[in-house]
Trainee: 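Attaching a single structure in structure tokens format; questions to follow.
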Amino acid sequence: MDRAVVVAITEGLHARPAALFVKTAAAQPAPVRIAKPGGDAVEAASILGVMTLGVSAGDEVVLSTDADGDDASASIDALVAFLAQTEVS
């Protein structure tokens with residue numbers, strides 16, 4: 001399962017937003033990867049991996065998982081909702 005989303009967070013996935021994204025990813029029932037289109041995917045629950053992507057506001061990313069069913073959908077949905085926010089707290 002793959003889903004593309006545009007990052008709305010004004011700071012992008014840098015510092016605090018990246019840490020909160022990784023925490024959210026780690027809490028999901030299915031493992032999720034994140035990548036820029038055409039780039040290598042990294043584990044969404046890895047702060048180092050997420051930081052190396054250099055994701056800024058307005059960038060498109062692709063979230064993917066090899067899991068099936070409700071766990072996969074719930075995991076992707078939670079991370080899409082996180083990235084769709086303009087402010088994180």
Side-chain angles (χ1 to χ4, degrees):
M1 169 180 287
D2 296 338
R3 192 169 321 156
V5 60
V6 174
V7 177
I9 303 165
T10 32
E11 299 94 349
L13 285 180
H14 303 285
R16 189 165 190 280
L20 293 173
F21 175 80
V22 166
K23 183 177 178 181
T24 302
Q28 299 312 307
V32 177
R33 291 177 307 282
I34 181 172
K36 286 187 170 181
D40 292 331
V42 299
E43 293 299 322
S46 165
I47 188 68
L48 186 58
V50 171
M51 294 292 289
T52 62
L53 293 175
V55 176
S56 298
D59 286 353
E60 182 179 66
V61 295
V62 178
L63 300 171
S64 61
T65 183
D66 292 330
D68 294 323
D70 293 341
D71 283 352
S73 294
S75 298
I76 296 284
D77 289 347
L79 296 178
V80 166
F82 183 92
L83 295 172
Q85 306 174 88
T86 54
E87 303 276 330
V88 293
S89 54

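Just so it is clear, the model here is predicted, and its values are computed rather than measured. Along the sequence shown, the residues carry numbers beginning at 1. The analysis underlying the following values was restricted to heavy atoms, covering all of them including side chains, and did not include hydrogens, waters or symmetry mates.
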Trainee: Which residue pairs pass the salt bridge (charged side-chain N to carboxylate O under 4.0 Å, His left out) test when at least one of the two sits in residues 8-23, sequence neighbours left out?
Mentor: none
Trainee: So does Ala30 get a backbone contact from the side chain of Ser75, meaning a donor-acceptor N/O pair under 3.5 Å?
Mentor: yes
Trainee: Taking ring pair (Phe, Tyr, Trp, His ring centres under 6.0 Å) as the cut-off, I'd like each qualifying pair that reaches into residues 30-62, sequence neighbours left out, listed once.
Mentor: none
Trainee: If you look only at distance, which donor and acceptor atoms sit under 3.5 Å apart when one is on a side chain in residues 35-43 and the other is two or more places apart or in another chain?
Mentor:
| residue | atom | partner | partner atom | Å |
| --- | --- | --- | --- | --- |
| Lys36 | NZ | Leu53 | O | 3.4 |
| Lys36 | NZ | Gly54 | O | 3.2 |

Trainee: Within this structure, what is the OG-CG distance for the pair Ser73 and Asp68, rounded to the nearest 0.5 Å?
Mentor: 9.5 Å
Trainee: What pairs meet the ring pair (Phe, Tyr, Trp, His ring centres under 6.0 Å) rule with one or both residues in residues 31-54, with sequence neighbours excluded?
Mentor: none
Trainee: Same cluster or not: are Ile34 and Val80 linked, directly or through other Ile, Leu, Val, Met, Phe, Trp or Tyr residues, by side-chain heavy atoms under 4.5 angstrom apart?
Mentor: yes
Trainee: Do Thr86 side-chain atoms and Ala8 backbone N/O form a donor-acceptor pair below 3.5 Å?
Mentor: no
Trainee: Name all residues meeting the side-chain hydrogen bond (donor to acceptor under 3.5 Å, both in side chains) criterion together with Asp71; count only those two or more places apart in sequence or in a different chain, and write none if there are none.
Mentor: none
Trainee: Please list all pairs meeting ring pair (Phe, Tyr, Trp, His ring centres under 6.0 Å) that have one or both residues in residues 12-51, counting only residues at least two apart or in different chains.
Mentor: Phe21-Phe82
Trainee: Under the side-chain contact (heavy atoms from CB on, under 4.5 Å) test, which residues partner Met51, sequence neighbours left out?
Mentor: Ala18, Ile47
Trainee: Which residues pass the side-chain hydrogen bond (donor to acceptor under 3.5 Å, both in side chains) test with Asp66, not counting sequence neighbours?
Mentor: Arg33
Trainee: Is there any ring pair (Phe, Tyr, Trp, His ring centres under 6.0 Å) pair reaching into residues 32-72, and which pairs are they, with sequence neighbours excluded?
Mentor: none
Trainee: According to a hydrophobic-cluster definition based on side-chain heavy atoms being under 4.5 Å apart (Ile, Leu, Val, Met, Phe, Trp, Tyr only), do Val62 and Val32 belong together?
Mentor: no
Trainee: Can you give me the closest heavy-atom contact between Ile9 and Ala57, atom names plus distance?
Mentor: O-CB, 3.1 Å
Trainee: Does anything in residues 74-89 form a salt bridge (charged side-chain N to carboxylate O under 4.0 Å, His left out)? List the pairs, not counting sequence neighbours.
Mentor: Arg3-Asp77
Trainee: Please round to the nearest 0.5 Å and tell me the distance separating atom CG of Leu13 and atom OG1 of Thr52.
Mentor: 11.0 Å
Trainee: Could you report the tightest heavy-atom contact between Ala72 and Ala67, atom names first, then the distance?
Mentor: CB-O, 3.4 Å
